[in-house]
Amino acid sequence: MSHAMLQNARPHWLPRQRKGALDHIPGNYGLPLVGNTFKLLADPIAFSANMAARYGPVYRNRALGGTGVNLLGPDANELVLFDRDKIFSSEQGWGPVLNLLFPRGLMLMDFDKHRADRKTLSVAFKPEPMRHYATELDAGIEAAIGGWAGQTLRFYDVVKKLTLDLAATSFLGVPLGTEADRINQAFVDEVQASVSPIRKPWPGTQMRKGVKARAYLVNFFEREIPARRTGDGQDFFSQFCRATNDDGAPLSALAIADHMNFLMMAAHDTITSSATSLVMLLVRNPEWQERLREEVAALDTTLPLTEQLDRLILTEYAFKESLRMMPPVPSIPRRALKDFSFGGYDIPAGTSVGTAITYTHRMAEYWPDPERFDPLRFTPEASKGRHRFAWVPFGGGAHMCIGLHFATMQMRLLIAHLLTRYRIEAAAGSGDAWQVFPIPRPKDGLPVTFVPLATP
């Protein structure tokens, strides 16, 4: 099969559902053709809340080119994400949204194939490589943020550039140089295309831009692979190129390119979003900004920061709370491979199933006063007895995010360096309006001012 054919290949879909198969489930399909797409994109949090209030925790919906059922709450998350009985396909859930852009990425794989590739890729997340990434991230963050002193900057924009530069070191092992802007724009085009209402790559559409961006990135990765297979680089890319499966066979060039394309997007855009929401919440809750600053100041100055990250416990709680309030992946789609029942409804095989993560993260029965920023929700005492699927920003089950420890490490380093140097302030209204899909970002970029701390 040619590269072009592989790029356009689609997974094996179940037969289309018969018309009316979901009519016994409460809900509505919205407008012809587009369904509820525009309502969902305009305010997904309010949309889920309104649908739940009107129809309950199980409702049917049509959006983003597909018809399906949404299941709300921790029990639904456990059923779908833990997937004890292998009912749900991640490949066929994400496929309609991502297949033209991120085909054969780790998230678009199921069962044995997913398990095999995840095991092969996990070599890049073992302790020794993680120590290497920590050293590189530490140096990169320290060098970059020194130039922010006294400036008012759009935090989302500057941290997006920083995460791309850090990805160049940790993921690619090379400075991107003149290609940096083009690579950055390619990832932006791919992510924006993933929620374009027009799902075909017709000329002039966002989907066309996204597909062209993917072709450029795959070419970039593939031309680098031969040298990486024989090198000794410690970055993700080099380790993927040298990784072998249980039979001792290396990943194909296209498989490496597909995994790199997906993981670079996931690390770049989700960390940018998460860092921005955390900084916004620390600006709005200055008492917590000061508590985290005191925690960092208590570290041993004779030891490297990278050896003390586990001591930043409050910082981790604050990160978890920001992920609760603004998860970087607002919902997780699946497709049912078998008939199943939930919430008193029989749901047929072939149904697209969505779990609204943001909705669950704001359910008052699990998160009292859910609009309040309170990192202490994540102490062992406060967490005791809480449903284990009430907080799922990294997913769950076999598809739990492979890079969750990398993300936590990078966030601890970023916050430690920022709060050691600056008091972060913002004008009233900064960050008030967010675009939630495909990955949350503030519409104004979150302008903040980095006020240098007085040196003793």
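Nothing here was measured: the structure is a model prediction, and the numbers come from that model. Along the sequence shown, residues carry numbers from 1.
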Tell me whether D117 is salt-bridged to R104, with the criterion being a basic N under 4.0 Å from an acidic carboxylate O. no
Between E381 and K384, is there a side-chain N and carboxylate O pair less than 4.0 Å apart?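 No, this pair does not count.
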Backbone N/O of [Y] and side chain of [X]: donor-acceptor pair under 3.5 Å:
{"X": "S48", "Y": "P44", "answer": "yes"}
{"X": "S274", "Y": "I271", "answer": "no"}
{"X": "D83", "Y": "F88", "answer": "yes"}
{"X": "R242", "Y": "G231", "answer": "yes"}
{"X": "R199", "Y": "S194", "answer": "yes"}
{"X": "N245", "Y": "G248", "answer": "yes"}
{"X": "R324", "Y": "K320", "answer": "no"}

Please say which of R362, M363, H361 ends up in a side-chain contact (heavy atoms from CB on, under 4.5 Å) with Y359. M363
Are a donor atom and an acceptor atom from the side chains of [X] and [Y] found within less than 3.5 Å of each other?
{"X": "D138", "Y": "T135", "value": "no"}
{"X": "D110", "Y": "S90", "value": "no"}
{"X": "T67", "Y": "R62", "value": "yes"}
{"X": "D235", "Y": "H132", "value": "no"}
{"X": "N99", "Y": "E91", "value": "no"}

Quick one: is the NZ or CZ of K443 closer than 6.0 Å to the six-membered ring centre of W434, and within 45° of its axis?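 No, K443 does not sit over the ring of W434.
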Report yes or no: is the cationic atom of R182 (NZ for Lys, CZ for Arg) closer than 6.0 Å to the six-membered ring centre of Y216, at no more than 45° off its axis? yes
Kindly say whether the aromatic ring centers of Y366 and W391 come within a distance under 6.0 Å.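 So the answer is no for these two rings.
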Distance-only check: which donor-acceptor pairs under 3.5 Å involve side-chain atoms of residues 392-406, not counting sequence neighbours?
from : atom 1 : to   : atom 2 : distance (Å)
H399 : NE2    : M109 : O      : 2.8

Between L121 and F125, what is the shortest heavy-atom contact and its length?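 Minimum heavy-atom separation between L121 and F125: O-CD1, 3.8 Å.
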Say you draw a straight line from CG of L312 to CD of E295; how long is it, rounded to the nearest 0.5 Å?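 Nearest 0.5 Å value for the CG-CD distance: 5.0 Å.
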Where do D310 and R412 land on the salt bridge (Lys or Arg N to Asp or Glu O under 4.0 Å) test, with the steps shown first? CA-CA 9 Å; D310 287 346; R412 281 169 159 164; 3.5 Å; yes
